[in-house]
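Beneath this line is the structure, given in structure tokens, with notes to follow.
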Protein chains: 2
Amino acid sequence: MVASTLSEVARLAGVSPATASRVLNGSARKPGPDIAERVRSAAESLGYVPNAQAQALAKSSSGLIGLIVHDIADPYFAAIARGVQEAAREQGRMVLLATTAGAPADEREAVAAFAARRADSIVIAGSRSARPEDRQGNAGLAAELDRYCRNGGQVAVVGHGVVGAASTEGYHVVTVPNEELAAKLAAELAASHHGHFVIIGGPAGLFTSDDRIRGFQRGLADTALPPAEIIRTEFTRSGGFDVGIALAARIKASQAAANTSGDTKRICIFAVNDVMAIGAAAALRAEGLRIPRDAIIAGFDDIESLRDFRPPLSTVHLPLEEIGRQATRRAGETAGENAVPPAITGHVTLRRSTEGAFPAP
Amino acid sequence: MVASTLSEVARLAGVSPATASRVLNGSARKPGPDIAERVRSAAESLGYVPNAQAQALAKSSSGLIGLIVHDIADPYFAAIARGVQEAAREQGRMVLLATTAGAPADEREAVAAFAARRADSIVIAGSRSARPEDRQGNAGLAAELDRYCRNGGQVAVVGHGVVGAASTEGYHVVTVPNEELAAKLAAELAASHHGHFVIIGGPAGLFTSDDRIRGFQRGLADTALPPAEIIRTEFTRSGGFDVGIALAARIKASQAAANTSGDTKRICIFAVNDVMAIGAAAALRAEGLRIPRDAIIAGFDDIESLRDFRPPLSTVHLPLEEIGRQATRRAGETAGENAVPPAITGHVTLRRSTEGAFPAP
DNA sequence: GTAAGGTGGGAAAGCGCATTCCCAGTGTCT
DNA sequence: AGACACTGGGAATGCGCTTTCCCACCTTAC
């Protein structure tokens, strides 16, 4: 990558580099119109493209914002990324992307890389983890983030804060009311469903998953229902699918048993996120079961691809793009702005997958 | 963003900046082990993070790769982005993301921004356009790209080249055999379907769309079938949906007519990409029609979210991630490498949505 | 008419790093 | 023992830009 430089432009225009800089890259001082014109046309004829690296070096602000996601092709993260991208554009910044599959060690590396590039701010999406095997990784990540913040970087993390992160300055958490919403979902489901509840959760220690599980259980408890059974699996579609297969077997068995005794009670499945719910639902269908006839199911997030899933899946709507936007804005604020950060809100969205507590025959 | 610098580290370690640079940021010359250790521990205790901007400036190579997509939340682009990300990681580079909604003017801007950041290479995904209203935008984009290439940048564009781009050096096109595959799809469908064919296409002038339409028509012609009717709409789900609604009305009307006369002939719908196919299918369903009973339908791309769509959609599988990877690799090659670029191949994937030419009643 | 205050331009000092060049010290070959 | 190539370290230069400081010139006010 070679390209013409500012001084070349200046020389061609017959002015000093200082002047050329002032006219081309916005400064407080505006050179005279005739000179400005000369410089501009010189730049044009040379095909001058300012070197952002050098600019960043000189004024120590890179106009970069780092985004960390588990997987950019996951609709959940893709939606957040879209919001981030949008907000970044508003701020005139560019987005640096890193995908980490949720591994704290990789996340640490990504933060270091962002720091090296002197990104003005970093947005971390993706569930934080408190799993024992992630302890060390988390510690490293927290240390890296602290260092980044100490150096004046701004961090926004979606959901929960990083375990062990101690920074008070420049460290923002965009809180998502996972627990409350899960509780509300449980309450609404409990209002019409009177059978067994099963939660398909992620690995223990994943905050997002744990919060939603806790919330759901609380919601049941508030309705004086016994806690749901919890089955843990991976936080992915295939995790949901596996559990779905197991549940299908169980459902069939209980249907066979009930066949003689009389009424069948459907179970209600709550998967802690939509992709898991989709996996589970696909498994049930693959096993010849129908939703909501043989079981009802709900997810969480309301990802866009849910729109075309059949049956329409009940879920909790989260404004994913808005979350991305807000995280970006929070991290982009110049310290002074103390506008009250608008809280993230979601809402329960009941669809056909949880229809009819007692199925009309 | 302030941070400790290399000279601070050097001073603390009691060596010269040159030496510190050599030990910390890989150089041909390896300082002695004792010195190296001193430097390393000094760096550690200072929390030194090399300034990539400065490094880039000094060695004029930024380690950045720019990615341009229409919409990062679209599963098609998300899959490509995943591949790009992966390949970038292999190369030790970071991905800069820009989304443009396909507007050439925005794309030009993105290229300029990448050029400013001295990105080593740029990957452009997303259909190129030859629409008259994009003429000017395309010209600008082509000029910007030419300039970028002339300055030593590497460009890889997925599908078709940018209209008007003249660079021979550093300009790669990852060709996707849209036409051949569409022809093959048409042939396979024609083998068992004997009714009317309708193509839901994007705006005229969109290469991807036009190629697929042309290929499909050729495939029909090769089977001695009359060309399909073409309905153009937006290159999005909602475009597909709108057309789907219109088609549903037509199907119903023809069914009503056939009711008296006897046999009904289903139409076969080919949507030039999967999201449009999904939209159309959703519309048919919303109108009470069933696939493949009332119409059969096929898409193109085999995006990941198709997996959970019912009925399973026939489509043409494209190795999207691989496309992203390959584009990135091509753009990342240091000129010398003249490895034969492995061609992109896809294959027709028939699923239930096009099942049963003559439905068993 | 002169002093005070603008104005518009240039010179120069970095920003943080890589790298070339130089130099002192060590070892090897004849 | 002397010339020789190495080796490992430091000084200095420059990457492309911003920004302070400075200077010459022109206004304006008294």
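So that the names make sense, note that chain A is the first sequence line, chain B the second, and so on, each numbered from 1. These numbers were taken from a predicted model, which means no experiment stands behind them.
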Original post:
Reading nucleotides 16-23 of chain C from the 5' end, what letters show protein touch, with B for base, S for backbone sugar-phosphate only, - for no heavy atom under 4.0 Å?
Top reply: BBSBBB--

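When the P atom of C:dC15 is taken as reference, atom CD of B:Glu8 falls 10 Å away, rounded to whole Å.
A side chain to side chain contact (heavy atoms under 4.5 Å, CB included) with B:Val123 holds for exactly one of B:Val84, B:Val174, B:Ile323, B:Val155; it is B:Val84. Each of B:Ile80, B:Val95, B:Thr328 was compared with B:Gln85 under the side chain to side chain contact (heavy atoms under 4.5 Å, CB included) criterion, and only B:Val95 meets it.
For CD of B:Gln136, the number of neighbouring non-hydrogen atoms (other residues, nucleotides, ligands) closer than 6.0 Å is 12 at most.
Using cut-offs of 30° and 60° for the angle between ring planes, the A:Phe77 and A:His70 rings count as tilted.
For A:Arg93 (side chain) and A:Ala88 (main-chain N/O), no donor-acceptor pair under 3.5 Å exists by modelled atom type.
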